[in-house]
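Excluded from the calculations below are hydrogen atoms, water molecules and symmetry mates; all remaining heavy atoms, backbone and side chain alike, are included. Convention: sequence-line order gives letters A, B, ...; per-chain numbering from 1.
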Amino acid sequence: MSARIVVAGAALGGLRAAEQLRATGWTGRITIVGDEPHMPYNRPPLSKEALVGKAPFESLTFTPKASAADVEWRLGTKAVAARLDERAVVLDDGSTLSYDGLVVATGMRPRRLRCPGPLAGRHTVRTLSDARGLRDELTRPGARVVVVGAGFIGCEVAATAVGLGVAEVTVVDPLPLPLLGPLGELLARALLKRHEERGVRFALGAGVTGFEGRHRVRGVALSDGTVLPADVVVESVGSLANTEWLDGNGLDLSDGVLTDEHLRVGGRPDVVAVGDVARFPNARYDGVPRRVEHWSIPADTAKHAAKVLVAHLAGAGAGAGAGTGLAPFAPLPTFWSDQHEFRLQSFGAPVLGLGDVRVLDGDPDGHPDGDVLVGYHAGGRLAGVVALGGRAAASAAARWRARLLKQPALTV
Amino acid sequence: MKVVVDMTKCQDHGQCVFAAPDVFRMDDGGHLAHISDPDDALRDEVEEAADVCPLQAIRIED
């Protein structure tokens, strides 16, 4: 039987890994295993265009490249265990796949609140089926919506719900401002104002202690004693890495899968990780391994990991310590978030520069809907930029991207 | 090579401009413009542009 690479995970990271394996010259078999029944699809619209019905769910499916046409898809099937010493992955249908190379691309799942109360009416937004279920309930006349968690997903869903005509939308978060963690106070304050002006309500500085209602949610009880009436609850309180299937192989799975600077796992040259499950050091920054849940990361990691894995398999016999001939993985992070008519556009690593935030353009206290460009600095040097506003603001941020790319590694 | 951008999907993210600056650019209003019949030598960068489009609005027709 010919050599085979198994890709565990059939979302964007798994698809791009397969395409990049082909682009790098891998002609052996590729088998992709994924627990969802769907071919890989684009997730960002699930909290935005697809939730309002502007993008039909069917339109979100990626079109795989022609080079990946002979990939074997095992959809609706989940990897439940791995024996890396034997190069074998066990699936939930009882079968075992042996491999020459393994790509870990199992991604994340939403964290759920562990509070007493009914489950019906509580939603997360990660999969197509999540978005379908939420859409059905959001569009019921008079629905009162509580979003728990003022992160990117929470803020996007709240904006989308208001856009759909939902009259009562309240965002709950224990922190005093939305998106405070990733963006810092200056932009978080500006965002709060823009959301409130468009009808989103906030219950900040409060945690959720329970859900009220007998058979389905009727209210959300907060730590300050208030109860918010609710027919629909969206839980957007972070995510957990799907790594349980890798237990028992001596790997560091404390937050995703720890990799080296070439995305290799556990010192094994035949196992790489891609996408948001990979916790990798970025040579562009301080070398501290981090998971990055940006949309651009699956493609970036897949490209590098495929080269590393194919080089190893082509030069069979080379040990784990063998050089790859590649520079260490050093992607420039970028993300965006669309909320109401505004876009947040980021380049670089703002979180590394939250202690020194400077306005580069615009006036955050000026026109309430004006464009603002903010720079985040570490040790006096630019770590990242974020624009808030219209298309022109995003383009302005893009002009700083070249500068961030050219900078030598930033050590904080 | 023929490059088709579905302008009903495009939301002017500009990621394609970084990937294939010879083919895509943002005009002064921050909206996308592109060359529809670029030289075949640019195929790799156009494929990269299609990959990184957040809306998957770029199609290459041979």
Task: From CA spacing to verdict: side-chain contact (heavy atoms from CB on, under 4.5 Å), B:M26, A:R391 - done: CA-CA 10 Å; B:M26 302 304 273; A:R391 297 293 192 263; over 6 Å; no
- [ ] Flag the pair B:D51 and A:K303 as a salt bridge only when some basic side-chain nitrogen lies within less than 4.0 angstrom of an acidic carboxylate oxygen.
- [x] no
Open item on the list: Given heavy-atom pairs under 4.5 angstrom as the criterion, report whether the side chain, backbone, both or neither of B:I60 touches chain A.
Closed with: neither
Task: Partner chain A: residue of B:H31, B:K9, B:Q11, B:Q15 with the largest heavy-atom pair count (under 4.5 Å) - done: B:Q11
- [ ] Please name the pair of heavy atoms, one in B:L55 and one in A:E49, separated by the smallest distance, quoted to 0.1 Å.
- [x] CD1-OE2, 3.5 Å
Open item on the list: For B:P54 versus A:W295, what's the shortest heavy-atom pair and its separation?
Closed with: CA-CH2, 3.6 Å
Is chain B contacted by the side chain of [X], its backbone, both, or neither, given a heavy-atom distance below 4.5 Å?
{"X": "A:T334", "value": "side chain"}
{"X": "A:Y41", "value": "neither"}
{"X": "A:D338", "value": "side chain"}

Task: Proximity of residues 40-49 of chain B to chain A, residues having a non-hydrogen atom under 4.5 angstrom - done: B:E47, B:E48
Task: B:H13 side, atom NE2; A:W336 side, atom CH2 - distance, nearest 0.5 Å - done: 5.0 Å
Open item on the list: Can you list the residues of residues 394-404 of chain A that sit under 4.5 Å from chain B, counting heavy atoms only?
Closed with: A:S395, A:A398, A:R401
